[in-house]
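The structure appears right after this line, and notes come after that.
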Amino acid sequence: MKNMTRREFLKASGIGMAVLGGGGLGGFAAETAGRRVVVIGGGWGGSTAAKYIRLLDPSIEVTLLEPNKEFVSCPFSNLVLSGVESIKRLTMRYDGLKKYGLRVRHEAAAAIEPDKRRVRVGNDYLEYDRLIVSPGIDFQWDQVEGLDKAKDTVLHAWKAGPQTVKLAQQLQSMKDGGLFVMTVPPVAYRCPPGPYERACQVAWYLKTKKPRSKLIVLDANKDIVSKTGLFKAAFKDYPNLEYRPSSKVEKIDVGSREVTTELGDKVKYDVINLIPPQRAAAIAVEADLVGADKRWCEVDHVTYESVKHKNIHIIGDSTIGLPVPKSGNIANAMGKISAAAVVHLLTGREAPAIAPGNTCYSWVNDKEAIAVVNAYKIENRKVVQIEQKLTPGKSVATAQNSLAWRSSIWNDILG
Amino acid sequence: MRNSLALAIFFTALALTFPALAAAAGPLDAPGASKALVCSACHGFGGNSPGNTVPILAGMSPAYFKKAIKDYAEGKRPSPEMEPYSKYALQAGLDETAAYFAEQKKQPLRVKPDQNAVKRGMALAAQCTVCHNPQGEGDPEKGFPDLRGQPAGYLAYQMAILKDDKRKLQDATLDDLKKKLLKRFSSRDIADLAAYYSGLK
């Protein structure tokens, strides 16, 4: 699909010319009004939204703001720690989006001015008629004493990229007989099953490569947050893994290589992976898009428009209030649904009520995976879960399905 | 003069109207299109899945699509992924979703099958023609799926679970037949058959 005209696109997508009259004259007034959309954040949500707006209505001007030149997939990045996957295979460029005729600017949005409907980028301003904010998460460094000063060496590796590679190196260079400590932040945080998949990958690596070593998981929550039974079964394969619930880490001392939990327990480490508490990314907080908790953004369940500011739609991990996990698949779904909403609203039509879906795989060793799948519906303009289904256990087939899933969804986001 | 003015007004109006009409309509206006947006994460935009274990829905017979969704929802076809999503499709509107995918143009597979595997598969496929017809087109209206051009990984997995009796056919006689037939096939035979059918147009 290279530089398609609208007509070619409609033909290629199998939608006949018959529908061209379907919109009626209602679109005319809206046509003369603005049709500029700015998307902040080129992750799973933002890239999808930007692409789908152009796919659904190529007459709308779309600018995607993303400071990074490369997209690195968080899903599968835990497998880089164990050496099962390479960071290279998780890294993609934004070139695929060019064929949709949207502008990708590799710059960060500095500020949002909701009243003036514009976004500041450096000294420049980008005006919008609708803004989609998909900012992801930031860390609450101040929630762990001593962390702010130590954040260059104490890694989270919770945004895939250089930190993932560095943490893998720290793990690989740890002596056999060493102690790897990782922490799980209190809910809500990005990717609920992610820390437990990571625990499995680290434990698998240690069991295979450094059999005298140990892993301690300090979980701020009372129990495993997601796929609980499946992870408990998976942990049984790892006698080198010690799981401690209700062990929120409150302090780190990099000098004595020690963390302290809320219970006052002190735990020594050779390598630490501290995943801090999280909130919506700074730009959302600064633009007053977060709620009273100052952490997450509340949105309309059909349009993803902010409950606080008109014409601003928020998607992905920074949202709260929907019965969905903060997952890549959900962000991708929100990207498409918000794109459909924006396309409709810009032409004076009602946004279609579309529910998201969630497919989430976790690898528990080098070849087997488990999964959870959630289906939803819209009821009285709210997202409601229809069903949650877990795989009966771990399997190679589920792992194979996860590889098909990633090739499909990466293509849906960037291809 | 009056005529040319009228003509000018007419053409101006036309020029103003048509882009507006084009802008107001779009791919989402097809019934079922917006409901199918969620499916594209795995099945690709318009149902042209790029994943090897995910079936292509573009151009699928509505009758077979609806049967598959109902079977998934009732647990007759085991799939942790599709059981919830089939309930989504039932909730969102099965007829419209089925019609949407049926209207989409099926793109050729990106992965070309190994030609030796295809040759071996073609020889084995003689045993499948009773139900799936000589060219693999089946009879979707009667519940026999069209196997042509589906990803090899998907076809092989379905044959494997049919062979292991994890997926049953509703008709007892047919179920018995498929068990007897598939028992003869080794996992290499199954891979060859999958390669053969995935290469058919």
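Just so you know, these numbers come straight off a predicted model, no measurement behind them. Below, each value reflects all heavy atoms present in this structure, side chains not excepted, and no hydrogens, waters or symmetry copies.
- With a 4.5 angstrom heavy-atom cutoff, B/Gln91 touches chain A only via side-chain atoms.
- One finds the CG atom of A/Leu56 at 6.0 Å from the CZ atom of B/Phe45 (value rounded to the nearest 0.5 Å).
- Counting only N and O atoms by type, the side chains of A/Glu387 and B/Tyr85 include no donor and acceptor under 3.5 Å apart.
- Taking chain B as the reference chain and counting heavy-atom pairs below 4.5 Å, the highest number among A/Asn329, A/Ile378, A/Asn358 is found for A/Asn358.
- Interface summary for chain B: among A/Val372, A/Thr391, A/Thr48, the most heavy-atom pairs under 4.5 angstrom belong to A/Thr391.
- Contacts between B/Ser34 and chain A at a heavy-atom distance below 4.5 Å involve backbone atoms as well as side-chain atoms.
- Between chain A and the options B/Pro84, B/Gly51, B/Gly153, B/Ala92, heavy-atom pairs under 4.5 Å are most frequent for B/Pro84.
- Nearest approach of A/Lys389 to B/Pro80, heavy atoms of both residues: CG-O, 3.6 Å.
- In this structure, chain B has a heavy atom under 4.5 Å from the side chain of A/Tyr52, while its backbone stays farther away.
- Other residues, nucleotides and ligands contribute at most 12 non-hydrogen atoms within 6.0 Å of the NZ atom of B/Lys119.
- The number of heavy-atom neighbours closer than 6.0 Å to CD of A/Glu350, taken from other residues, nucleotides and ligands shown, is 12 or below.
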From CA spacing to verdict: side-chain contact (heavy atoms from CB on, under 4.5 Å), A/Asn411, B/Arg110: CA-CA 13 Å; A/Asn411 189 62; B/Arg110 291 181 191 187; 3.8 Å; yes

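- The NZ atom of B/Lys87 lies 9.0 Å from the CD1 atom of A/Ile386; values are rounded to the nearest 0.5 Å.
- When A/Pro352, A/Ala355, A/Pro356, A/Ala397 are compared by the number of non-hydrogen pairs under 4.5 Å with chain B, A/Ala355 comes out ahead.
- Put simply, CD on B/Glu81 and OG on A/Ser402 are 9.5 Å apart, with the number rounded to the nearest 0.5 Å.
- Residue B/Tyr157 touches chain A through its side chain alone, counting heavy-atom pairs closer than 4.5 Å.
- Using a 4.5 Å cut-off between heavy atoms, B/Ala41 contacts chain A through both its backbone and its side chain.
- Minimum interatomic distance between B/Thr53 and A/Ala404 (heavy atoms only, all atoms of both residues): OG1-CB, 3.0 Å.
- Note that CG of B/Asn52 and OG of A/Ser408 are 10.0 Å apart. Values are rounded to the nearest 0.5 Å.
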Donor-acceptor pairs under 3.5 Å, side chain of residues 333-342 of chain A to any protein atom, not counting sequence neighbours: which ones?
{"residue": "A/Lys336", "atom": "NZ", "partner": "A/Asn332", "partner atom": "OD1", "Å": "3.3"}
{"residue": "A/Lys336", "atom": "NZ", "partner": "A/Asp412", "partner atom": "OD2", "Å": "2.8"}
{"residue": "A/Lys336", "atom": "NZ", "partner": "B/Leu37", "partner atom": "O", "Å": "2.8"}
{"residue": "A/Lys336", "atom": "NZ", "partner": "B/Ser40", "partner atom": "OG", "Å": "2.6"}
{"residue": "A/Ser338", "atom": "OG", "partner": "A/Met334", "partner atom": "O", "Å": "2.9"}
{"residue": "A/Ser338", "atom": "OG", "partner": "A/Gly335", "partner atom": "O", "Å": "3.1"}

